[in-house]
Amino acid sequence: MELDGAGLTCAQVHAVAYGAARVTISSLDRARAAWGAAQELTGPIYGQSTGVGANKDVGVEGGGLDLLRSHAGGAGPLVAPERARAMLVVRLNQLLAGGSGVDPGVLPVLAGAINDGFTPPIRTYGAIGTGDLAALATALCLLGELSWQGPTANAPRYPLASGDAAPFLSSGAATLADAAIAVHRLRVLLEAAVDVAAFSFVAVSASAEPVAAVVQEARPHPGQAAAAARLRGLLAREFAARIQDPYGYRAFAQVHGAALDALDRAERVVETDLNAAAENPLIADSLAWHNGNFHSAPVALALDALRAALVPTAQLSTARLATLMEPAYTGRLPFLAARPGGSGAMILEYVAQDALAELRHLANPVTAGTAVISRGTEDHAGFATQAARYALRCVEPLEIVLACERLAATRAPNVPDRPLSDDLDAARALISNNFLLVRQAVGTRHPPHRAEGLQEDGR
């Protein structure tokens, strides 16, 4: 994967983070230009000839490496190596965009670290959405003052100068890495959710009329139209046992489409910042421009909206799950049991509601709070770090909710009572890989278990 400071996507960040892609550098020209301009600057430059935070008016000389040492103070468990590698990818791409003034010689070293499996030891806590200072201070690994995670030999080294420290720190790369991973995974799940809903439509003979093209054209929200079109393509038109189905079916496109719209917006915002030179100061036009581009308000707001949008779509999934337990909709025994009085798939409702409760908790907006630190000079915080972290945490409960619906909708008749944990794990694996069904066969009355490589009991 070639990085050029301009075209990095959430999907590409995920691909590199989880080992499916290696990186190369397109050109160092913009980074070299910014570094060359930085060498010619005179006058006070924040973080280089001055202190940082409340020390912005205090002159310093050659204190950059101490800045790294003082800021390498995160807390809590180490983040997974994949998330740390994603941070390196994001910061490398940002530096290639120019504007930082960092020595361009370090950029190939970062690329080598990514490709060779080295990741910095990043602690969970240490940022509030105004720059991932503690995470990026792990640049001390390049100096040999902190140990890389990964291979034990040939650790990446580069002699960072004092003037490289503050420019390297000036980024929300760790937050954006988490955001990119979350956006990519949530897109997989929200796309898979349409396939899961199709199983339920088939299982209860729900009407496809609500997703008709003429209905969508009367209210042309993009996400709604996309959800309806995809579901419409999966369903046969002979369904319609009832004039109107419950909202879990009738309002699927409207609710799920809103989540798709929120996801699209979050992806646009995150990818803008993946390719931005959000440096403070920004080296441009032979000057150092002191600014607030480090502030993460756009990302935090977009991720708050995305997490909130996941809740209604998961709620509709649990609503459809409830109908799958009802003989009036399925024509089968209550709870899809094999015998009268049997519990069948009853436990799936408990599991789904537990996961839904977690999603509701994670939907609380981070942008409702703020912080004042550094003796009052830094008087607002975006908390996009927390927004991204919570978005990542949303992946598991959303996947579980969808797996519960899928397992119930594909449950074959006369399955005896038995533990369902393994079945749920298998359903989750199918959903997370977005490999759910042979689409041409979905329009039959019972979903085609064998066409999916499943057993007759829906596993």
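- Between D264 and R187 a salt bridge is recorded (basic side-chain N to carboxylate O distance below 4.0 Å).
- In this structure, H295 and H380 have parallel ring planes: the angle between them is below the 30° cut-off, well short of the 60° mark.
- Note that the CD atom of E378 and the OG1 atom of T370 stand 11.0 Å from one another [nearest 0.5 Å].
- Residues T175 and D132 have side chains that bring a donor and an acceptor to within less than 3.5 angstrom of each other.
- Shown here is Y247, whose OH atom has no more than 12 heavy atoms of other residues, nucleotides or ligands within 6.0 Å.
- Side-chain atoms of S170 and N280 form no donor-acceptor pair, as typed in the model, at a separation below 3.5 Å.
- Contact detail for A72 and L140: the closest heavy-atom pair is CB-CD1, 3.9 Å.
- Looking only at distances, a side-chain donor or acceptor of N275 sits under 3.5 Å from a matching main-chain atom of G7.
- Interatomic distance, CG of L189 versus CG of L310, reported as 9.0 Å (0.5 Å rounding).
- With no hydrogens or angles considered, a side-chain donor-acceptor pair links S200 and E405 at under 3.5 Å.
- Between the side chains of S100 and E279, no donor-acceptor pair is found at a separation under 3.5 Å.
- Side chain to side chain, T323 and Y249 meet the donor-acceptor criterion of an N or O pair below 3.5 Å.
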